Amino acid sequence: MTEGKKVSIIIPMYNSEQFIKSCVQSASRQSYANLEILIIDDGSTDHCLEICKKLGEKDSRIRIICQENRGVSSARNTGIDHAKGEYLFFLDSDDGIHPLLIEEGIKQAQANHADLVVCHSLRQKSRQLEERLKCASVTDKRPVWQIVEARELEEWFHTRNMLTLSRVGGLMDRNAIGALRFDEELPCGEDALFMYHLISRQLRMAYSQEGWYYYRTNLESITHSLTVTGDKKFYRYAKIIRDQEYKKGNLRFATEWEGVVLFSMKKAFLKMKESKNKSRSKELRQQALAESKHPLFQMLPLRRRLLLYCCFSFPAFYRILERVRPYYKKIRNEIRFADTKLFG
């Protein structure tokens, strides 16, 4: 492709020696040449820094910046501050991207004046992801893109496509980002809060359902997962978004995030019960009781409210319900299908 605007692919890295080579190579193999691959080493103690230095000897576009361990948000912010590109693309150190993704992103950004270009993220286990990266080719069929205008984009973020748009992993116009940075105080959800503030700026997005961002699953260790979910700020990001939308009078959007707050509370509570952390479990139960008095709680479907009550009051019974729910849904769908066949 003819050289156009420079793109900075920002890769925050911390103890990623198992996957960093695959990640960086997926960036180096992009069909779009005018880019820099900016790796922010966030105080790694394994061999990932040495791996990246060797990769840098073969690709002069790779730049490495080292800092003390301050977390992924700090690493991304350092990347924004040092990036030289007119467009930024965030890539996690355990993920990968299709070789045409940046080229397609730039085409859409420039042809359709899109501030944000996002494709669907394909969640895969390690072996599947590596196989997909090997098979991905510049001769693959190009994706179909649709343009989403500002008002509709907010609708997508809060309801229709919350999971995809709550993760960074798209091409962003640096001017649209401006002074916006990731919240370094959050243990999780920093992606969602960043994207919330970005999308609130009334942007134009090009979107494709093609899964060209490869998101690696099943990586969190039990210890790390417990540390994050046990943090008192675990669901703070969702509360911030909920409260801001509630203040604006956007009750439908605020209710969606009320559901996220309670889902996060539930997840943390069950993990704390599992790890026998009695004090944190008790604290979360009290927080859930206080949350049930929020006006938005009453706007949630009755079924969800009952399940939440069951979770915090009878967690052992709730786990049984969770195990049988998939079978109930399957039977319900089969009955509906049979009714359709018999009665049209």
Side-chain angles (χ1 to χ4, degrees), residues 1-12 23-40 52 55-56 58-65 75-93 95-121 136-150 153 164-165 167-182 191 194-195 197-208 210 212-214:
M1 178 181 176
T2 304
E3 186 172 291
K5 301 281 188 179
K6 182 182 280 288
V7 177
S8 296
I9 299 178
I10 298 172
I11 305 175
C23 171
V24 175
Q25 286 179 336
S26 77
S28 289
R29 291 169 181 164
Q30 290 298 300
S31 58
Y32 189 79
N34 190 18
L35 52 81
E36 67 169 346
I37 302 165
L38 192 53
I39 301 168
I40 314 300
C52 289
L55 291 170
K58 298 176 182 177
D59 190 339
S60 61
R61 298 172 302 173
I62 293 174
R63 278 204 297 145
I64 303 170
I65 296 172
R76 285 174 178 155
N77 288 339
T78 298
I80 295 172
D81 293 338
H82 286 81
K84 296 177 180 177
E86 289 96 338
Y87 290 91
L88 307 184
F89 186 96
F90 294 100
L91 175 61
D92 285 348
S93 60
D95 297 341
I97 51 178
H98 190 282
L100 287 171
L101 181 52
I102 300 299
E103 179 186 335
E104 279 290 306
I106 283 291
K107 279 182 179 178
Q108 293 303 314
Q110 295 183 344
N112 294 299
H113 306 289
D115 309 289
L116 178 63
V117 183
V118 177
C119 73
H120 181 68
S121 57
S137 167
V138 293
T139 61
D140 287 346
K141 185 179 178 181
R142 305 279 172 148
V144 175
W145 297 87
Q146 65 182 113
I147 302 303
V148 185
E149 300 293 350
L153 178 53
T164 297
L165 293 179
R167 293 188 68 250
V168 291
L171 190 72
M172 305 175 191
D173 188 321
R174 191 187 186 116
N175 291 327
I177 294 173
L180 179 62
R181 295 295 182 268
F182 291 88
D191 300 48
F194 180 89
M195 292 300 292
H197 288 307
L198 185 65
I199 287 170
S200 295
R201 295 180 172 183
Q202 298 293 295
L203 306 184
R204 198 168 199 242
M205 178 181 75
Y207 176 79
S208 173
E210 192 71 46
W212 274 10
Y213 185 103
Y214 308 134

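In this text the structure is predicted, and so the values were computed from the model without any measurement. In this chain, numbering begins with 1 at the start of the sequence shown.
Distance alone, capped at 3.5 Å, is enough to place a donor-acceptor pair between the Asn77 side chain and the Phe182 backbone. Under the 3.5 Å distance criterion, the side-chain polar atoms of Arg167 are left unmatched by any main-chain donor or acceptor of Ser121. Under a 3.5 Å cut-off, the side chain of Asn112 and the backbone N or O of Ala114 do not form any donor-acceptor pair.
Of all the heavy atoms in Ala83 and Ile10, the pair that sits closest is CB-CD1, 4.3 Å. Of all non-hydrogen atoms in Arg201 and Ile177, the two that sit nearest each other are NH1-O, 2.7 Å. Here the shortest heavy-atom pairing between Leu116 and Ile199 reads CD2-CG1, 4.3 Å. When all heavy atoms are compared, the tightest approach of Gly96 to Ser26 is CA-OG, 3.5 Å.
By the 4.5 Å heavy-atom criterion applied to side chains, Glu149 and Arg204 are counted as neighbours. Under the 4.5 Å side-chain criterion, counting only non-hydrogen atoms from C-beta, Asp81 is in contact with Arg181. With a 4.5 Å cut-off on side-chain heavy atoms, Met205 and Leu165 count as touching.
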Would Glu36 and His82 count as a side chain to side chain contact (heavy atoms under 4.5 Å, CB included) here? Give the steps. CA-CA 11 Å; Glu36 67 169 346; His82 286 81; over 6 Å; no

Evaluate Arg142 against Lys107 for side chain to side chain contact (heavy atoms under 4.5 Å, CB included), listing each step before the verdict. CA-CA 12 Å; Arg142 305 279 172 148; Lys107 279 182 179 178; 3.6 Å; yes

Side chain to side chain contact (heavy atoms under 4.5 Å, CB included) assessment of Ile62 paired with Cys52: CA-CA 8 Å; Ile62 293 174; Cys52 289; 5.6 Å; no

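A distance of 4.5 Å separates CH2 in Trp212 from CG in Leu100, rounded to the nearest 0.5 Å.
At a cut-off of 3.5 Å, with distance as the only test, a side-chain donor of Glu104 or Trp145 sits close to an acceptor on the other residue.
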Would you list the atom pairs, donor with acceptor, under 3.5 Å between side chains in residues 84-92 and any protein atom, with sequence neighbours excluded?
residue	atom	partner	partner atom	Å
Glu86	OE1	Lys6	N	2.9
Asp92	OD1	Arg76	NH2	2.9

